[in-house]
Visitor: 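Structure in structure tokens, see below.
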Protein chains: 2
Amino acid sequence: MSTVTAMPTSPGGTRYKEVKEAMLAALTVQEWKGGEVIPSEKKLAERFGVSIGTLRKAIDELCAENILIRHQGLGTFVAMHRRDRHFFRYFRVTRRDGERTYPVVTLIDFRRVKASPAIAARLGIDDGARLYSFVNALALHEKVIMIDHIMLPETLFPGLTESTLRSRQDTLYNFYQDAFGINVAGTDERLRVGRVSESESAILQLDAGSAVMEVERVAYSINQKPVEYRLTHINTEEYDFVASTMKNGAVT
Amino acid sequence: MSTVTAMPTSPGGTRYKEVKEAMLAALTVQEWKGGEVIPSEKKLAERFGVSIGTLRKAIDELCAENILIRHQGLGTFVAMHRRDRHFFRYFRVTRRDGERTYPVVTLIDFRRVKASPAIAARLGIDDGARLYSFVNALALHEKVIMIDHIMLPETLFPGLTESTLRSRQDTLYNFYQDAFGINVAGTDERLRVGRVSESESAILQLDAGSAVMEVERVAYSINQKPVEYRLTHINTEEYDFVASTMKNGAVT
DNA sequence: AAGTGGTCTAGACCACTAC
DNA sequence: TAGTGGTCTAGACCACTTA
């Protein structure tokens with residue numbers, strides 16, 4: 001493996017930004033994989049030819065973006081999506097009284113399709129490019145209250161099958177990381193009032209054409225490329241979508 | 001004026017956290033007001049008895065929380081809400097094609113009420129405490145698409161009147177800061193599908209009882225206290241509510 | 001030219017984890 | 001005890017703004 005040391009591609013003007021980009025490059029080529037320790041600060045400082053303080057500033061930003069995680073006395077790790085740690089960063093549905101619960105996920109459809117122009121545009125791929133398309137029903141407190149339609153470019157998830165998808169142990173984003181080396185680093189979501197389709201109405205136990213919350217999500221990898229398109233319908237009769245601008249999610 | 005120098009209240013264990021808390025205290029007692037320059041890093045380092053590097057780390061965090069703003073060569077300023085800078089941090093409604101526009105705001109009601117138990121709980125005040133309550137209609141592209149019901153505790157906004165509210169020059173949050181020294185530092189929002197009331201349906205040009213997006217927002221000050229309660233109804237036929245987890249709002 | 005914040009250094013010392 | 005990250009220092013030099 002060729003280690004990344006040169007840093008001419010994204011100047012940015014400052015040393016620590018260059019170091020940060022070099023580290024992102026090392027992460028995207030999988031030199032350091034999800035969950036692994038990266039070299040110590042001292043070694044990285046030597047490798048990139050900067051002082052420890054400068055190296056630390058680069059790591060500071062990567063930690064702030066949830067790409068790395070520091071553990072005093074242990075080392076710095078490549079952040080891994082885990083049900084018990086980062087799940088609620090991406091799952092923002094809460095019961096009206098504020099209680100958060102893990103959803104029970106059931107895969108109810110899996111197929112291969114071609115990208116429509118709208119979805120191709122969102123994913124930054126060609127019209128008609130091949131996609132995996134599957135549907136999950138999510139239950140909270142033993143009642144299905146949301147349905148996810150998820151689409152993944154085949155080129156990014158080579159060899160994905162319904163059975164490997166079903167047999168995953170942790171969250172979907174953990175699975176992307178583990179099986180395909182894709183680190184979801186952020187999402188862009190657009191919310192609006194939508195209408196349930198006929199097939200969905202049965203699953204959500206709503207009248208056909210009922211109003212639900214519609215969420216269109218594009219997930220981005222650490223290299224800023226779109227990796228997943230998701231359309232979600234939520235029954236918000238008893239649940240809220242939470243959108244806070246503060247770190248400390250004020251517990252009402 | 002007594003300057004804040006002692007830092008025993010919130011130990012946190014580290015020097016820079018103490019400095020940060022001391023600076024937040026100075027901000028809440030209005031030693032430095034919105035828009036003003038704060039003393040230079042060198043002077044602040046002397047005042048708090050720390051090195052410049054440590055002082056900088058405290059300011060780094062305050063800048064990351066949008067409380068301070070640095071300007072190289074000029075100084076560090078207390079962030080001021082401005083229509084042209086921070087407005088879209090709190091106004092997250094975008095046309096379906098992604099275009100952002102400033103809303104045209106019209107005050108359509110102003111009164112004084114007593115807090116209901118539900119709203120008192122959200123604002124952390126007593127049941128029945130006095131509130132200012134007013135309603136704004138917001139138009140985008142020359143059509144009213146959202147209605148804000150806003151409630152403010154009288155104790156935090158002493159002497160607020162309909163005319164001072166109407167005659168404000170900039171945004172509402174700029175007004176809070178300018179006229180009452182209240183710095184909105186973050187919000188907590190809960191979204192769901194709601195129904196328009198009869199009076200709203202006329203303004204929004206929707207049928208009575210139509211489904212709209214309902215947003216319940218509590219705004220918090222830099223000292224973590226709730227300062228505003230807001231209930232918004234949005235017609236999302238042509239607009240989306242944007243909720244991104246990334247800094248760089250990916251422009252679709 | 002003087003003053004401000006922005007970057008970078010080289011090292012000390014502390015706190016935590018593992019063995 | 002050795003190795004890791006966490007904090008803090010004291011100062012150099014650069015880039016920007018105003019006068």
Side-chain angles (χ1 to χ4, degrees), chain A residues 5-8 10-24 26-27 32 35-80 85 247, chain B residues 5-8 10-24 26-27 32 35-80 85 247:
Chain A
T5 336
M7 303 169 282
S10 44
T14 64
R15 307 276 275 132
Y16 80 87
K17 285 283 184 192
E18 289 174 6
V19 172
K20 180 183 171 187
E21 292 301 324
M23 291 183 71
L24 278 171
L27 287 162
W32 307 316
E36 292 181 3
V37 223
I38 68 173
S40 74
E41 298 183 338
K42 189 164 171 293
K43 282 178 188 152
L44 287 171
E46 284 170 12
R47 166 165 161 185
F48 294 118
V50 296
S51 75
I52 290 207
T54 303
L55 188 273
R56 278 184 66 80
K57 191 156 182 180
I59 295 185
D60 281 346
E61 292 201 354
L62 292 169
C63 287
E65 293 166 24
N66 296 292
I67 292 169
L68 297 179
I69 297 179
R70 289 203 251 235
H71 281 293
Q72 190 172 6
L74 273 174
T76 303
F77 298 77
V78 181
M80 192 82 195
R85 300 186 61 116
K247 291 174 188 173
Chain B
T5 334
M7 302 167 281
S10 45
T14 65
R15 306 275 277 133
Y16 81 87
K17 285 283 184 192
E18 289 173 8
V19 172
K20 180 183 171 186
E21 292 301 325
M23 292 184 70
L24 278 171
L27 287 162
W32 308 315
E36 293 181 2
V37 221
I38 69 173
S40 74
E41 298 183 338
K42 189 164 171 293
K43 282 176 188 152
L44 286 172
E46 284 169 14
R47 166 166 162 186
F48 294 118
V50 296
S51 76
I52 289 207
T54 303
L55 187 274
R56 279 184 66 80
K57 191 156 182 181
I59 294 185
D60 282 345
E61 292 200 355
L62 292 169
C63 287
E65 293 166 23
N66 297 290
I67 292 168
L68 296 180
I69 298 180
R70 288 204 251 235
H71 281 292
Q72 188 172 11
L74 273 174
T76 302
F77 299 76
V78 181
M80 191 82 196
R85 299 185 62 116
K247 290 173 188 173

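Naming convention: chains lettered A, B, ... in sequence-line order (proteins, then strands); numbering from 1 in each chain.
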Visitor: Kindly state each residue pair satisfying ring pair (Phe, Tyr, Trp, His ring centres under 6.0 Å) with at least one member in residues 50-79 of chain A, sequence neighbours excluded.
Guide: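 For residues 50-79 of chain A, and leaving out neighbouring residues, the ring pair (Phe, Tyr, Trp, His ring centres under 6.0 Å) pairs sorted by first residue read A/H71-A/F77.
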Visitor: Starting at the 5' end of DNA chain C, which residue's closest nucleotide do you reach first, B/Q72 or A/S51?
Guide: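 Result: B/Q72.
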Visitor: On DNA chain D, reading 5' to 3', which nucleotide is the first and which the last to sit with an atom under 4.0 Å from a heavy atom of chain A, could you check?
Guide: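 The footprint of chain A covers D/dG3 to D/dT7.
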Visitor: By side-chain hydrogen bond (donor to acceptor under 3.5 Å, both in side chains), which residues pair with A/T76, not counting sequence neighbours?
Guide: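 In terms of side-chain hydrogen bond (donor to acceptor under 3.5 Å, both in side chains), with neighbours along the sequence ignored, A/T76 is linked to no residue.
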Visitor: For B/G73 and B/I52, find the nucleotide of DNA chain D closest to each by heavy atoms; which residue's nucleotide sits nearer the 5' end?
Guide: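 Here B/I52 is the residue nearer the 5' end.
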Visitor: List the residues meeting salt bridge (Lys or Arg N to Asp or Glu O under 4.0 Å) with A/E46, not counting sequence neighbours, and say none if there are none.
Guide: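 For A/E46 the salt bridge (Lys or Arg N to Asp or Glu O under 4.0 Å) partners, ignoring immediate neighbours, are A/K42.
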Visitor: Return the set of residues passing side-chain contact (heavy atoms from CB on, under 4.5 Å) with B/S51 (not counting sequence neighbours), or none when no residue passes.
Guide: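 If we apply the side-chain contact (heavy atoms from CB on, under 4.5 Å) test to B/S51, skipping adjacent residues, the hits are B/T54.
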Visitor: What is the nucleic acid contact for A/K42, judged by heavy atoms within less than 4.0 Å: base, sugar-phosphate only, or nothing?
Guide: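 Nothing, no nucleic acid heavy atom in range.
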Visitor: Calculate the interatomic distance between B/F77 atom CZ and C/dT4 atom P; express it in whole Å.
Guide: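 In whole Å, C/dT4 P lies 12 Å from B/F77 CZ.
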Visitor: Applying side-chain contact (heavy atoms from CB on, under 4.5 Å), can you list everything that pairs with B/A79, at least two apart in sequence or on another chain?
Guide: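 Residues passing side-chain contact (heavy atoms from CB on, under 4.5 Å) with B/A79: B/I69.
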Visitor: Within this structure, what is the CD-CG distance for the pair B/E65 and B/L24, rounded to the nearest 0.5 Å?
Guide: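 If we round to the nearest 0.5 Å, B/E65:CD and B/L24:CG are 7.0 Å apart.
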